[in-house]
Number of protein chains: 2
Amino acid sequence: MSTPGPRRTTIKDVAELAGVGVATVSRVLSGGSASAETRERVLDAATKLDYRPSALGRNLRQQRSGGVALLVPDITDGFYARLCDGVLSCARSYREPVTIGVTGDDAEQEADLVGGLLEQSMDRIIAVPTGDGEMWASAVRAGLNVVFADRRVWSPGQHARALDEVPAVLTDDRAGLRTAIEYLTGLGHRKIGFLARQGMSHRVAAFREVMGDLLDDDLVVFARASRDSAYAAAAGLFQRRADLTAVIAGGNMLGEAAVLAARELYVRIPRDLSLIMFDDVPWAELCSPPLTVIAQPASDVGYRAAELVLRHGRRPRTVSLPTELIVRSSCAPRR
Amino acid sequence: MSTPGPRRTTIKDVAELAGVGVATVSRVLSGGSASAETRERVLDAATKLDYRPSALGRNLRQQRSGGVALLVPDITDGFYARLCDGVLSCARSYREPVTIGVTGDDAEQEADLVGGLLEQSMDRIIAVPTGDGEMWASAVRAGLNVVFADRRVWSPGQHARALDEVPAVLTDDRAGLRTAIEYLTGLGHRKIGFLARQGMSHRVAAFREVMGDLLDDDLVVFARASRDSAYAAAAGLFQRRADLTAVIAGGNMLGEAAVLAARELYVRIPRDLSLIMFDDVPWAELCSPPLTVIAQPASDVGYRAAELVLRHGRRPRTVSLPTELIVRSSCAPRR
DNA sequence: AATGATGATGGAATCGTTTCCATGAGCACT
DNA sequence: AGTGCTCATGGAAACGATTCCATCATCATT
């Protein structure tokens with residue numbers, strides 16, 4: 001089977017070669033106090049034996065496994081892929097491994113995943129949460145070190161304040177939405193739709209608030225976290241409400257679906273329908289027509305979240321990163 | 001600071017409550033032999049205490065941490081994102097956590113990452129390798145359980161056969177390329193370029209082989225793993241060789257760059273230049289013009305690779321998944 | 001009835017680290 | 001010289017599981 005091989009070199013071997021106790025080796029290697037001479041002898045021995053501390057032993061002793069967990073709804077979505085990339089790049093500089101799980105925007109899967117992490121004694125986690133504040137509250141009570149990214153979750157009961165203390169890195173959806181809506185109304189649009197995905201309630205809330213008097217609740221539709229569902233939602237909206245003249249897609253999968261559905265239904269963009277999509281992706285520029293988007297610093301969101309969870313120093317409650325409206329050619333004046 | 005809290009319930013607590021020894025509890029929980037009555041008592045106690053075995057203890061004892069590691073060049077690239085998704089979805093059904101690292105197609109970073117994994121005693125890894133057979137050979141000699149995905153690496157020396165035993169899940173690049181090239185030559189194209197990225201030597205080799213007499217080595221160009229570099233490579237090629245009538249992009253970042261560069265240089269697709277891109281992505285259809293692509297089952301590649309590394313049964317040396325040419329509107333007859 | 005085989009069981013060792021605590025040396029000050 | 005203080009140091013005890021091994025009961029066979 002597997003070769004029995006030469007046993008891996010342990011701290012004990014180093015101690016022996018250096019002629020000191022294991023405790024001393026441990027102290028030297030983790031930056032404790034020791035005399036200069038001892039330190040040198042230990043370091044020498046360690047390099048001579050090519051000693052690498054076993055994370056396993058350390059983890060058991062410290063009752064926590066290193067590394068960070070990262071939970072995103074869908075890694076295939078360009079936005080979350082970039083968010084992951086940001087986390088990964090920050091974690092790399094701390095030499096911390098990152099464990100990724102996808103929740104599919106499903107509360108049950110999310111709970112499962114978190115359960116698994118607890119079992120692994122992972123105590124640091126960055127999450128794009130999907131619903132169920134109860135679950136998250138109990139997780140932080142269990143000692144989990146949570147940072148929310150992209151969206152957050154509030155404490156369910158008005159007495160439990162556990163979640164309100166959880167730091168979060170968000171994008172300024174509201175401002176982005178406001179700019180976008182102002183742009184559209186400036187072009188004369190009044191009937192503005194919103195394509196959302198389950199779990200985007202924060203964005204929907206912001207949309208409702210910013211729209212104010214203009215809001216027509218029949219114009220906001222929800223899709224599940226699949227391509228097909230997004231398409232169905234977009235097509236359904238376009239067919240049902242012929243009076244629609246502009247639509248905002250809550251994410252790039254929704255935007256994709258909107259373009260596709262419009263094409264299928266002979267709705268011309270931007271002549272018949274103006275479209276603004278959340279999140280700038282490389283293909284938005286390549287699309288026909290090039291899409292006007294609300295750009296989000298996805299990678300920064302990930303990076304900052306990782307910093308928060310890894311540095312763990314005094315940390316601000318919540319940081320909000322700016323969005324930017326990038327005007328291309330998918331919006332036109334209402335005709 | 002952190003609440004000392006009630007100690008987590010250990011196997012010992014369960015043993016005590018059930019009135020048996022810890023060894024028995026362990027056996028029952030991991031499916032060993034035990035009398036029906038004992039089994040029941042143990043299971044009862046376990047549920048009553050809401051006992052969850054600590055992965056830490058197990059890991060240390062077994063000298064290996066569970067889970068799988070996954071190394072990809074760039075998680076932001078749609079292809080690798082889907083590959084990750086495939087791995088994650090398979091791993092989920094085994095309840096195994098997945099640790100992801102991005103190599104950026106850089107051998108040094110790759111080696112770093114693998115070193116880190118060794119330190120964590122991760123012994124199962126799925127990798128899209130980038131260069132340096134030496135490093136991978138020593139990794140498998142160290143007992144690492146490697147499965148290559150998307151591309152593989154051969155043993156450096158002709159005597160060391162370590163790597164040739166490593167299973168791999170690949171896509172049939174050669175066939176895809178052959179079909180694409182036949183399609184292009186059928187349209188009358190003779191000067192066909194290839195846009196590659198560092199680390200795509202397998203694909204370049206296949207291109208060279210399939211092109212045969214038609215090959216003009218000056219028409220294959222390499223980019224580094226960044227968007228800018230891809231753009232520069234494409235633009236450079238288009239300017240340098242005005243006689244070029246068709247080009248194949250080795251990945252979707254390259255394809256993106258090609259479309260952009262062509263647009264910038266007033267090269268019309270497909271009128272002046274036919275384009276085929278490796279890997280079908282949702283936006284290929286939305287692009288103007290819609291792109292003809294060589295589709296690859298990215299998610300399946302990941303899924304199968306995960307199966308291979310997790311089931312670990314008798315396993316085929318290498319599996320090759322089919323590609324498919326999807327004809328859209330980015331190719332036209334040579335004029 | 002004596003012997004052997006089988007199977008369930010629990011005690012104890014083990015994995016590799018960190019950290020608590022006791023020890024002893026060195027030094028300053030009275 | 002004696003007292004007290006600060007250090008460096010090493011032994012040993014965790015951490016929580018798995019698994020080796022010895023023990024004991026039960027039962028079948030001679």
Side-chain angles (χ1 to χ4, degrees), chain A residues 1-2 4-43 45-46 49-67 118-123 143, chain B residues 1-2 4-43 45-46 49-67 118-123 143:
Chain A
M1 270 293 133
S2 63
R7 229 180 67 278
R8 89 177 272 155
T9 73
T10 75
I11 202 174
K12 215 171 158 187
D13 302 319
V14 179
E16 205 161 319
L17 179 59
V20 301
V22 290
T24 305
V25 176
S26 173
R27 265 186 304 252
V28 168
L29 262 27
S30 42
S33 70
S35 73
E37 194 221 332
T38 312
R39 163 166 290 119
E40 196 185 350
R41 279 228 309 284
V42 169
L43 259 25
L49 293 177
D50 187 34
Y51 167 70
R52 309 190 180 255
S54 149
L56 262 32
R58 182 191 357 250
N59 289 348
L60 176 56
R61 174 61 223 240
Q62 311 196 137
Q63 292 286 73
R64 59 194 292 279
S65 50
L118 259 313
E119 195 159 311
Q120 304 284 328
S121 301
M122 284 237 166
D123 63 346
Chain B
M1 269 296 135
S2 63
R7 226 180 69 281
R8 89 177 270 155
T9 74
T10 75
I11 200 173
K12 214 169 156 187
D13 303 319
V14 179
E16 205 161 321
L17 180 58
V20 299
V22 290
T24 304
V25 176
S26 173
R27 264 187 304 254
V28 168
L29 260 29
S30 44
S33 70
S35 74
E37 194 222 332
T38 312
R39 161 164 292 117
E40 196 186 350
R41 279 228 309 284
V42 169
L43 259 25
L49 293 177
D50 187 36
Y51 166 71
R52 310 193 179 252
S54 149
L56 263 33
R58 186 194 351 254
N59 288 349
L60 176 56
R61 173 62 223 236
Q62 310 196 137
Q63 292 285 76
R64 59 194 291 281
S65 50
L118 260 312
E119 196 159 310
Q120 304 284 329
S121 300
M122 285 237 166
D123 62 346

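Order of the sequence lines fixes the chain letters, A, B, ..., with proteins taken first and strands second; residue numbering starts at 1 for each chain. All values below come from the heavy atoms of this structure, side chains included, with hydrogens, waters and symmetry mates left out.
Put simply, B:Ser33 has a side-chain N or O that comes within less than 4.0 Å of OP1 or OP2 on C:dA8. Within the structure, a side-chain polar atom (N or O) of B:Ser35 is placed less than 4.0 Å from OP1 or OP2 of C:dT9. Taking 4.0 angstrom as the limit, A:Thr24 places a side-chain polar atom (N or O) nearer than this to OP1 or OP2 of D:dG10. Residue B:Ser54 has no polar side-chain atom (N or O) positioned under 4.0 Å from OP1 or OP2 of D:dG16. Contact annotation: B:Thr38 side-chain N/O to C:dA8 OP1/OP2 distance is not under 4.0 Å. Contact annotation: A:Arg58 does not reach the phosphate of C:dG16 (side-chain N/O to OP1 or OP2, under 4.0 Å). In terms of phosphate contacts, B:Gln63 brings a side-chain nitrogen or oxygen within less than 4.0 Å of OP1 or OP2 of C:dG16. Neither OP1 nor OP2 of D:dG16 sits under 4.0 Å from any side-chain N or O of B:Thr10.
Taking OG1 from A:Thr24 and CG from A:Leu29, the interatomic distance works out to 11.5 Å, rounded to the nearest 0.5 Å. Taken to the nearest 0.5 Å, the CZ atom of B:Arg27 stands 11.0 Å off from the CZ atom of B:Arg39.
The nearest whole Å value for the distance from the CD atom in A:Glu119 to the P atom in D:dG16 is 14 Å. Taking atom CZ of residue B:Arg61 and atom C1' of nucleotide D:dC15, one finds them 15 Å apart after rounding to whole Å. Distance CG (B:Leu29) to C1' (C:dG10): 16 Å, rounded to an integer number of Å. Note: CZ (A:Arg39) to P (D:dG10) measures 14 Å, nearest angstrom. In this structure, A:Gln120 atom CD and D:dC15 atom C1' are separated by 16 Å, rounded to whole Å. To the nearest angstrom, P of C:dT18 lies 12 Å from CG of B:Leu60. The interatomic distance linking A:Ile11 (CD1) with D:dG11 (C1') rounds to 14 Å, in whole Å. To the nearest angstrom, C1' of D:dA17 lies 13 Å from CG of B:Asp13.
Residues B:Gln62 and B:Ser121 form no side-chain contact, since every pair of their non-hydrogen atoms from C-beta on lies 4.5 Å or further apart.
Counting atom types as modelled, A:Arg27 pairs a side-chain N or O with a base atom of D:dG10 as donor and acceptor under 3.5 Å.
Base contact: A:Gly57 has a heavy atom under 4.0 Å from a base atom. The residue B:Ala23 sits close to a base: some heavy atom pair falls under 4.0 Å. The residue A:Leu56 sits apart from the nucleic acid: no heavy atom pair falls under 4.0 Å.
The pair A:Lys12-A:Glu16 does not meet the salt-bridge criterion, since no charged nitrogen lies less than 4.0 angstrom from a carboxylate oxygen.
Checking A:Lys12 against B:Val25, the closest nucleotide of DNA chain C that is more toward the 5' end is the one next to B:Val25.
Each of A:Asp13, A:Val14, A:Leu43 was checked for a side chain to side chain contact (heavy atoms under 4.5 Å, CB included) with A:Tyr51, and the lone residue meeting it is A:Val14.
In this structure, A:Thr38 contributes its side chain and A:Ala34 its backbone to no donor-acceptor pair below 3.5 Å.
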